[in-house]
Protein chains: 4
Amino acid sequence: MSKPSKGTAVLAYSGGLDTSCILVWLQEQGYEVIAFMANVGQEEDFEAARKKALKLGAKKMYIADCKTEFVENFIWPAVQANARYEDRYPLGTALARPCIARNMVETARKESCTTIAHGATGKGNDQIRFELSCYALNPEIRVVAPWRNPEFVKNFPGRGELLDYAAARNIPVSASKKNPWSMDYNLMHISYEGGMLENPANKPLPDMYRTTCDPEKAPDTPVYLTIEFKRGVPVKVTNVDDGHVEDSPLALFTYLNKVAGAHGVGRIDIVENRFIGMKSRGVYETPAGTVLLAAHEDLELLTMDREVRKVKQALSVQFCTQVYNGMWYSPECEYVRHCIDKSQENVQGKVNVKLYKGNVYITGRESDYSLYNEELVSMDVTGNYEPHDAEGFIKINAVRLKEHKRLKKAFQ
Amino acid sequence: MSKPSKGTAVLAYSGGLDTSCILVWLQEQGYEVIAFMANVGQEEDFEAARKKALKLGAKKMYIADCKTEFVENFIWPAVQANARYEDRYPLGTALARPCIARNMVETARKESCTTIAHGATGKGNDQIRFELSCYALNPEIRVVAPWRNPEFVKNFPGRGELLDYAAARNIPVSASKKNPWSMDYNLMHISYEGGMLENPANKPLPDMYRTTCDPEKAPDTPVYLTIEFKRGVPVKVTNVDDGHVEDSPLALFTYLNKVAGAHGVGRIDIVENRFIGMKSRGVYETPAGTVLLAAHEDLELLTMDREVRKVKQALSVQFCTQVYNGMWYSPECEYVRHCIDKSQENVQGKVNVKLYKGNVYITGRESDYSLYNEELVSMDVTGNYEPHDAEGFIKINAVRLKEHKRLKKAFQ
Amino acid sequence: MSKPSKGTAVLAYSGGLDTSCILVWLQEQGYEVIAFMANVGQEEDFEAARKKALKLGAKKMYIADCKTEFVENFIWPAVQANARYEDRYPLGTALARPCIARNMVETARKESCTTIAHGATGKGNDQIRFELSCYALNPEIRVVAPWRNPEFVKNFPGRGELLDYAAARNIPVSASKKNPWSMDYNLMHISYEGGMLENPANKPLPDMYRTTCDPEKAPDTPVYLTIEFKRGVPVKVTNVDDGHVEDSPLALFTYLNKVAGAHGVGRIDIVENRFIGMKSRGVYETPAGTVLLAAHEDLELLTMDREVRKVKQALSVQFCTQVYNGMWYSPECEYVRHCIDKSQENVQGKVNVKLYKGNVYITGRESDYSLYNEELVSMDVTGNYEPHDAEGFIKINAVRLKEHKRLKKAFQ
Amino acid sequence: MSKPSKGTAVLAYSGGLDTSCILVWLQEQGYEVIAFMANVGQEEDFEAARKKALKLGAKKMYIADCKTEFVENFIWPAVQANARYEDRYPLGTALARPCIARNMVETARKESCTTIAHGATGKGNDQIRFELSCYALNPEIRVVAPWRNPEFVKNFPGRGELLDYAAARNIPVSASKKNPWSMDYNLMHISYEGGMLENPANKPLPDMYRTTCDPEKAPDTPVYLTIEFKRGVPVKVTNVDDGHVEDSPLALFTYLNKVAGAHGVGRIDIVENRFIGMKSRGVYETPAGTVLLAAHEDLELLTMDREVRKVKQALSVQFCTQVYNGMWYSPECEYVRHCIDKSQENVQGKVNVKLYKGNVYITGRESDYSLYNEELVSMDVTGNYEPHDAEGFIKINAVRLKEHKRLKKAFQ
C-alpha cells in the first residue's frame, strides 16, 4: 500500500459484497480497519462473517449483541409512542440505527479511534440516521462513506465493477443469486426496497417475505393472546390457547414475532417520504410490532384522559418524524421521549387480541387504572351529573355558532 | 288534552318504542307533531313507520332521502381527511347527524315552525351533534329533548314504564325481543353500544353484526378492486375479477359496502372519548369506509408533498374532533374543510386493493400526479443532486446536535 | 328564618355589595355561612371586611394569605411557559382563581362542609375557573351560585334592587361612587372590564389604572435591571442604578411590580375569547409579569435548542388555553406543566432590561448554559463545518421543491 | 483571461467591496457577468452602483424596482399571518429574499442564462433563502457562491485580502470606515448583525440605527393613527392629528415607516435560531411592520371566531418557520398562504393606534364584521342563553376532572 497511513477506522460490516469490498478498499486508502457487526436479531451467520472479515485484513472483528438493548431502549419507547411514521410505517430500520451507532461509537472509543466507515448510499435515510447518531454521541467522529466519494462512485458505477474488484482482490462472493431488491433485517422488522420494488405499481413477489406467512396460507384457526402492560410497555404475553407465557422483554418480543408471523400479521406496502426529500416505496413485515402497537393503543384509550391523549398524540407525531430522520439523540427527541414516557404512568392493564390471517383484532381489555366508568356511561344509570346539565353544555357550546350565523346572515 | 297549545314540533322519529312514546307524549304536552325520518341508507320499513306515525297522531310524516347528500357532502370530505377520530373511529354516526339535522331544519322551515324534538339521551354524543347543527343552521330553533326533561325521566325510569305507557296509549310495540345493545345504522356504518357492550372486557356476540361477514367465514378467495380518485374522492370502482364498474357516488359506495362486507372488512371494537367527558365502548362495522380510507391514504402519500401532508394531517386531526363533537357547521370546521379540500387538488390516480378475510391490502398505485420519481430514488441512477451533497446536508443537520453535546459535556 | 337548615356554606366574600347581600341571602335560604377571603396581593382593608362579614351573620371569617403560594405555584409556571392567552393576555385572573379555589376547598375540608358559594355571574370565565378547580380538588363539592339562580336573578335584575335589599337588611354600603367598570386585583395584574369598557371602541379613562403610571407621565430616565433565572424562574432582581437586590419570590415580584409600574409598563387593552363562547373586552395592567415574560422569553432563546423550543411553545399555547378555561387542576394541565418544567432545566442565566415609558427593552443576556456559540456564528471564523457543506444542505433541501416544480410544469 | 468561457452569470450586486470583487473574480473565472440589483426600498445610490458595475466589466446592469411587489405580495401575507418567527422577529430579510430571487430568476430567463451568483456566506440564512427560491422557480438554475468555494475562501481569509485584491484590480473602495456590524436594509426593516453584535451581552451603539428614532429622543407628544383593513391587509392609514391619508399599499407602508420611525417604534434585539442550526444575534428596526402587526392582530381578535383563530395561529407558526428557512416557494408555504388568506375574509375594520416613545398602543377598534356582541357580553343584559345553562356547561366539563380525581384517590 502506497498511501500514507490514515489511522484506524471502525467499519460497519455486513459480510456482503459491498462492505467486503469497502473493507479492502479502506486498507488500500491507508486505514487499518476494525470490522463491526451488530446483532439486532437478524438471521445471519455471524461467525462466517467474522472469519471473512479477518481474512480480508480486518485487524479485529467486533460482534455486538444489541438485541436486549434494542428491545428495551428503542422498541419500547416506540410502543409507548404508538409510533407510525406518516401514520403507517412502524419505523423498524429507523429504530435500529441509533442502537447500532451507539455500539459502534462505543467500540471506537474503546479502540481510541474517531473514524467510522459505512456502506450506505447517498440517497437513503440510513446514512443520515447513522451519522447524526455518531456526531451527536461524539462530535469528534469523522465519517468515511465511500458511496458518497465521487472517485469511489466513479470506479464502481454498478455491481459488475464490484464483482470485478472482488475477483481481483480474492474477496469471496456468495454463489447465491442476488435478490432483485435490498433488505434490512432486525428484530422489529424486515424492510424490502429498491430493484423491482422501485415501481410502486409492482406487486412484491410472494417468496420475498421471510418472517411472516402469506395470510392466505396462514392457519384457519385464530390464536388468542393476552398482553399485559406496565407504564406503556409489555411485561407479559400469554397464549390463551396453550397457556404459554413469556415475561422478559427480548423473549416476549421474539415469541410474539413467531406467533404473529405464523398468522401473517404485519405486512405493509407503502410509499413514504424520505428525509432527503424524495418519495420511496418500501415493503415491510413487522409481526410483533404490529400486534403491540394495536394492543398498546387500545389500552391507552382505556386508561388515558382524553385531553392528555391529544397532547401526547401530537408529541408522538413529532417523535416519529424525529426517529425517521435520524434524530434519536437530538435534544428534541430526548425531550419528547421524556414527555411521552411521563404520559404512560397509568397505561397499565391487559389487552386480549386475536390474530387471524393477517389481522389483529382486539377482543377485550381491562385495567385497574381504567378511566372507563361503566356506571357513568350506562344508559340505565344517572349519576355524576343530571341529564339537563347536558342542555346547558350544548347551549353554551352553541353561543359561538349562533354568533357566526348571525354575522353570516347579516352579509348574505 | 288539557295543556295549552305549544305549536308545532318536528320530531326525529324512528318508529321504535322510544320515539313512538315521545310522539304521543308531545301531543299530551300541547304540541302538534310532524314526524321526520331521514333515509341515510339504513335497512328500514319506511312505509310502516309512516303509517305508525300517522296512526299515533302525527299531523304529517316526512321521509327525506338523504343518501346521495350524505355520501357526497359528508362522507367524501371525511375520505379526503382520512378521518379517524382518535386514530381509529371512522365517524360513521358523527357524519350522518349534521346531514339529518340539516334536512330537519329545512323541514321545520318549510312548516314554519321552530321547535324540534328528538329521543336522544343526556349522556351521548348524538344530542350534541344534533342540536349544535340545528342551532348553527337556525339560531331560532328550540329543542325539546324529553330524555333530559326531569319529569319525563322520572316517569320513565326504565323500559318497563315505557311499555306500560305504550300499552295504555295503544302504541304498537314490536313483538321481537330487544337486542341487548343499541344500534345506529347508516350507509357509512353500523354502531353498536350499550347493554352487554358496556363492559369493555366482553366480546360482542357473533350474530350482532349486520353488514359484514365474520372474517373467519369470509370467502377463501380474495377480491381485487381498483379505485380511482379525483380531488381526493373516489370516482370509479372496478372489480378486477369480474369487470364490474361503478362510477357514481352513491352506487360505488353501496357496491363497496357489499363487496367489503362480504369479505369481512371494517369491524372494530374500541373505547373512545365522548365530548361529554366520559369514555364509552363502541363496536363498529364500516366496510366501504375502511377500504376507501386505506386507498385514499395510500394515494395521498404518492401525490402529496411531504410537508403539505404534515400540515394537512394536523388539520385532519382537528377535523375529526370537530365532527365527533358535533361541530360540522361551526366556523372552524367550515374553515378546516376548505383547507383540506384545497390540499386534495392533485390527489388523483388509481389504487389497487385486495380484500381478504377482514383485511385490506394495497397492492399497487399509480398517478399522473405522482411526486414519486423512480429515477431519482433508484440506487442505480444519480441525478438531481450529487451523493456528496448528502454529506453537507448531514453535517449541517449535525450542527445543533454537536452544540447540545458540547453543553452536556460541560456540565457532566 | 323559615327555611329548613341546609348546613354550612363557605362563601367567597369580597366585602362589596354583591357578596354582602349574598352573605345575608344565603342565611335566609337556610345556610350557616363561613366567609372566606383570599389575600392574593390586592389592596384591601381585610380587617374591615372581616368585621363586616361577622356583623352580617357569618359564623367565621377566614382570611388566607395566598401571596407566596400564588407567586411560586401559579405565576412561576406561567413565566416558564411564556404564557399569553391568544398571544396577548398574561392570564392574571386565570392564574389566581385555582389558587383561591384550592384554599377555599381546604377551608371547607377543615370545616367539614362541602358547600361553596360565590358571587360570580353566569357570563364570565370566573365561575368556570372557580368551580372546575373545586370539582377537580373535591368531587363532592356542591356549588351555590346565586347569580345563576333564576329566582335570585329575577329578584335582583339590577344594582338598584341590590341597594334596596341592602337598605332593608342593614347591610352597610360604601359611600364612594361605583366605578363604571368592574375590577379584579391581584399580585399579577388588575383587570378592568364591563360598563363603559363594553364598547370596544371606547378608550379607558386615564384615572382608571391603579398600579401603573401613565407612560406619558413616567420618568424621563429609564431604569436598568438585571434579572437572574434558574430553571426558568426568576431568583434575583438587581436594580443596576441603585444596587437594590431582591432574591425571594414574593419580594422580587412585589419589587418588580413597583418599579415596572412606576415606568408605565404592562398596560394592554384587548378583545379576547371567553370559554363560554363570547368575545369580551378587557384592559389589564401587569407590570412585573410583563417584564418577566420578556426577560424569560429572551433567556429561553439563548439557552434552549431550536427544536425543543418548538415543541415547548406548542405545549405553552395549550397551557394558556387550559389555564384560561379554568383547567389548572385537569390531567392535561398537570401533564403539560410537567413537560414545560422539564424544558426549563437549562434556562438559567441573566437578562438585562431597560424600562422606559411603558416599554421593556432587552439590553443584553448571558448564561453558562448558552447554546449561542460566538465562534461558530462569527463571519470571520470557520469551524464545526465547512462552508461548502451548506451547499449540500441547500441542494438536498431543494430536492422536494424541484419535484414540485417538475409536476407543476407538467400540468401547466 | 486564460480560463475557458463559462457563459453568462447574473450576479446579485450590491456595489460594496465583496460583490465588486466577486464581479471581477467571476470574469477571471470565465464568466460574462450581468449585474443585478433589486430596489426593495433600501437607501442607496443606484446610479452610482450601475456605473461602478459597468466600469468593473459587467455586460449589463439591471436595477429592478421591486418595492410594490415586495409590499403587496410578501409583506401583506406576513401581516395576514401576524408573522413573527420565534414569536419575535418580523422576518424583514426573510420576506425580501424570495422577492429578489424571483426578479433575478426572471432576469436570467430574459438573458437566457441559468447561472446565478451571490456574495452570501456559508453560515447565514440568506444563501439558503436565495438559492431555494431560485431552485424552486427554475430547477435548471446553477448557483455560484464564491464564499462557499474553498479556493476563494482560502484566498480571501479576511477583509485585508479583499482590499489588496481591489487595489490590484482597480476596484474603487468607499472611503468611509466600515461599520463594526453588517446590515440588511429594505422597506420592511433594517437588520444589524455580526461584528461587535456577535457578543449577545453587548449593547448596540446608539448611532447604529437608521430608520427609527431613539425612543428617549422621540417626541413627547404621541401620534394617533387609524388603520383600516380589508381581508387582513391595510388599505388606508389616517393620521388622526393632521388628517393625512394614505391608501395605496406602497405609499401607506412608506408613510407608516416614517411616522412610526419618528416615534421610535420597532426596535428589537434578539437571539434567534438559524436554519443552519446555530443561534445568532440580530438587532432589527421594523417601524411600519410593528404597527401593522399589532393592529392586525387586534382586529383579528374582534372579527375571527375563537376556534378558527386557533387553527390559523398554528398555521402561522408554520408559515414563519417556512419563510425564515427560505421555503417561500415551497408547496407547503403556498398551501399555508392559501389557508391563511382564506381565514382573512372577514378581517375588515378599523383599528386606532397611538404611537409613543417606542410603543404601540391600541386605543380602539370597530368592524362591521365584528363577532363581539356587546349585548351578549353585558353583565346587565341576559339573552342567547340562560345563566343556569352555564351550570350545566361547567358540570359537564367537570366530568373528566372528577374521574381523574377518582382514579388518583384510588391509588393514593
Does [X] reach the side chain of [Y], with side-chain heavy atoms less than 4.5 Å apart?
X        : Y        : answer
A:Arg88  : B:Leu301 : yes
B:Tyr372 : A:Met278 : no
A:Leu401 : B:Leu132 : yes
A:Lys310 : B:Gln318 : no
B:Glu307 : A:Asn273 : no
A:Arg148 : B:Ile394 : yes

Could you grab the distance from atom [atom1] of [X] to atom [atom2] of [Y], nearest 0.5 Å is fine?
X        : Y        : atom1 : atom2 : value
B:Gln313 : A:Glu86  : CD    : CD    : 9.5 Å
B:Tyr135 : A:Lys395 : OH    : NZ    : 4.5 Å
B:Glu198 : A:Asn373 : CD    : CG    : 10.5 Å
A:Asp269 : B:Asp298 : CG    : CG    : 7.5 Å
B:Lys402 : A:Asn138 : NZ    : CG    : 9.5 Å
A:Arg306 : B:Glu272 : CZ    : CD    : 11.5 Å

Contact part of [X] toward chain A, heavy-atom cut-off under 4.5 Å: side chain, backbone, both or neither?
X        : result
B:Lys408 : side chain
B:Ile268 : neither
B:Tyr361 : side chain
B:Pro200 : both

Query raised in the report: Under a 4.5 Å heavy-atom cutoff, which of B:Arg267, B:Lys203, B:Lys350, B:Lys409 has the most pairs with chain A?
Result: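 So the answer, after comparing B:Arg267, B:Lys203, B:Lys350, B:Lys409, is B:Lys203.
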#### Entry: Closest-packed option against chain A by number of heavy-atom pairs under 4.5 Å, given B:Asn202, B:Val143, B:Val271
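Of the candidates given, the most pairs with chain A belong to B:Val271.
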Pick whichever of [options] has the most heavy-atom pairs under 4.5 Å with chain B.
options                                : answer
A:Pro139, A:Gly122, A:Ala390, A:Gly277 : A:Pro139
A:Gly358, A:Cys134, A:Ser330           : A:Gly358
A:Glu391, A:Arg365, A:His388           : A:Arg365
A:Gln127, A:Glu366, A:Arg406           : A:Gln127
A:Pro331, A:Gly364, A:Ala136           : A:Pro331

Using heavy-atom distances under 4.5 Å, tell me whether [X] contacts chain B through its side chain, its backbone, both, or neither.
X        : answer
A:Arg281 : both
A:Thr321 : side chain
A:Pro215 : both

For A:Lys123 and B:Leu376, indicate whether the former's side chain and the latter's backbone hold a donor-acceptor pair under 3.5 Å.
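Yes; at least one donor-acceptor contact below 3.5 Å.
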- Can you sort out the partners of A:Pro222 under side chain to side chain contact (heavy atoms under 4.5 Å, CB included), two or more places apart, ordered by chain and number?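 With sequence neighbours excluded, A:Pro222 shows a side chain to side chain contact (heavy atoms under 4.5 Å, CB included) to A:Tyr224, A:Lys354, A:Tyr356, B:Glu216, given in chain and number order.
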(request) Verify whether one side chain among B:Glu374 and A:Asn199 offers a donor that lies under 3.5 Å from an acceptor in the other. (result)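 No, because no side-chain N or O of B:Glu374 sits under 3.5 Å from a partner of the opposite role on A:Asn199.
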Are A:Glu332 and B:Arg400 ion-paired here, with the side-chain N under 4.0 Å from a carboxylate O?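 Answer for the salt bridge query: yes.
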**Charged N-O contact under 4.0 Å between A:Asp87 and B:Arg309** =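 Yes, this pair counts.
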